[in-house]
Amino acid sequence: GGYYPILPAQVIPHGSRPRVFAYASGTRLDVEIFNRYDLAQDLDFLILEVRQGTRPPFLVVNLYNQDPPEGAGHTLRSFERFQQIDLPDMPVMIAMDANEHHPVWDSFATRRSRGAENMLEWMEEHGVMVLNDPEVATWRKDDYSQESVLDLLWQNEKMAQLGVLE
């Protein structure tokens, strides 16, 4: 019964901490969730495959975009590492704390941040669309003096055809 945690890597190195994880229900016998460790084991993103009945399986990606921590041994931000993965040809949804600003998803953006154009190019190359309303902030300063859309939900065309996110 209850819920169980799903971590982004089979082994979490000592002194490290994952920036993403998920919970899955242990009581939903009609849904199977598999961590796709074969695709990636990165503490900043998690790739799950979800199967339910006769519906085609789909991927759920949970990503926290940030600079690498000190001593990581690389200089790539989380999304840049994610881009290197060859995702299977199947329905995909991506939920991320993007930490990037671009008017396509953020009407509050007064500038385009350094990784935003890269994200937009990847979206176009992979037929991914952003589902966020660019007028609805997902982050606010405590005093409400600044708003932004940093938390994004994307899906590819195959995911849209499934109608899961409607």
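Owing to the predicted nature of the structure, the values given are computational and were not obtained by experimental measurement.
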Side chain [X], main chain [Y], donor-acceptor under 3.5 Å:
{"X": "N65", "Y": "F79", "result": "yes"}
{"X": "H102", "Y": "V104", "result": "yes"}
{"X": "N35", "Y": "L7", "result": "yes"}
{"X": "E117", "Y": "R112", "result": "no"}
{"X": "R111", "Y": "A109", "result": "no"}

side-chain hydrogen bond (donor to acceptor under 3.5 Å, both in side chains) between E100 and N118: does it pass, once the steps are laid out? CA-CA 10 Å; E100 299 289 358; N118 182 36; over 6 Å; no

So which heavy atom on [X] is nearest to which on [Y], and how close?
{"X": "T27", "Y": "S25", "value": "OG1-OG, 2.9 Å"}
{"X": "P134", "Y": "S107", "value": "O-OG, 2.7 Å"}
{"X": "D106", "Y": "H101", "value": "OD2-ND1, 3.4 Å"}
{"X": "T75", "Y": "E80", "value": "O-OE1, 4.4 Å"}
{"X": "F45", "Y": "A40", "value": "CE1-CB, 3.5 Å"}
{"X": "R51", "Y": "P57", "value": "CG-CB, 3.7 Å"}

Indicate if [X] and [Y] have the same hydrophobic cluster label, given that clusters are the connected sets of ILVMFWY residues with side-chain heavy-atom separations under 4.5 angstrom.
{"X": "L76", "Y": "I47", "result": "no"}
{"X": "M96", "Y": "L131", "result": "no"}
{"X": "V60", "Y": "L153", "result": "yes"}
{"X": "W105", "Y": "F82", "result": "yes"}
{"X": "L63", "Y": "L120", "result": "yes"}

Is the shortest heavy-atom distance from the side chain of [X] to the side chain of [Y] under 4.5 Å?
{"X": "N156", "Y": "H126", "result": "no"}
{"X": "W154", "Y": "V92", "result": "no"}
{"X": "I12", "Y": "P18", "result": "yes"}
{"X": "R19", "Y": "L43", "result": "yes"}
{"X": "L39", "Y": "P88", "result": "yes"}
{"X": "D97", "Y": "L150", "result": "yes"}
{"X": "F108", "Y": "Q146", "result": "no"}
{"X": "Q161", "Y": "P91", "result": "no"}

Does a sphere of radius 6.0 Å around OH in Y37 hold more than 12 heavy atoms from other residues, nucleotides or ligands, not counting ones at 6.0 Å or beyond?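 Atom OH in Y37 is crowded, with more than 12 foreign heavy atoms closer than 6.0 Å.
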
CG of D143: more than 12 outside heavy atoms within 6.0 angstrom?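 Yes - once you tally the heavy atoms of other residues, nucleotides and ligands closer than 6.0 Å, there are more than 12.
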
Between [atom1] of [X] and [atom2] of [Y], what distance do you get to the nearest 0.5 Å?
{"X": "Q155", "Y": "L162", "atom1": "CD", "atom2": "CG", "answer": "9.0 Å"}
{"X": "E135", "Y": "N132", "atom1": "CD", "atom2": "CG", "answer": "12.0 Å"}
{"X": "T138", "Y": "D133", "atom1": "OG1", "atom2": "CG", "answer": "11.5 Å"}
{"X": "L59", "Y": "K158", "atom1": "CG", "atom2": "NZ", "answer": "11.0 Å"}
{"X": "K141", "Y": "S148", "atom1": "NZ", "atom2": "OG", "answer": "11.5 Å"}
{"X": "R77", "Y": "Q66", "atom1": "CZ", "atom2": "CD", "answer": "8.0 Å"}

Between R55 and D30 (salt bridge meaning N to carboxylate O under 4.0 Å), is one present in this structure?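 Salt bridge between R55 and D30, a charged N being under 4.0 Å from a carboxylate O: no.
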
Can you sort out the partners of Q84 under side chain to side chain donor-acceptor pair (under 3.5 Å), two or more places apart, ordered by chain and number?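 Listed in chain order: nothing, the list is empty.
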
Side chain to side chain contact (heavy atoms under 4.5 Å, CB included) assessment of M129 paired with E157: CA-CA 8 Å; M129 61 196 102; E157 183 58 36; 3.6 Å; yes

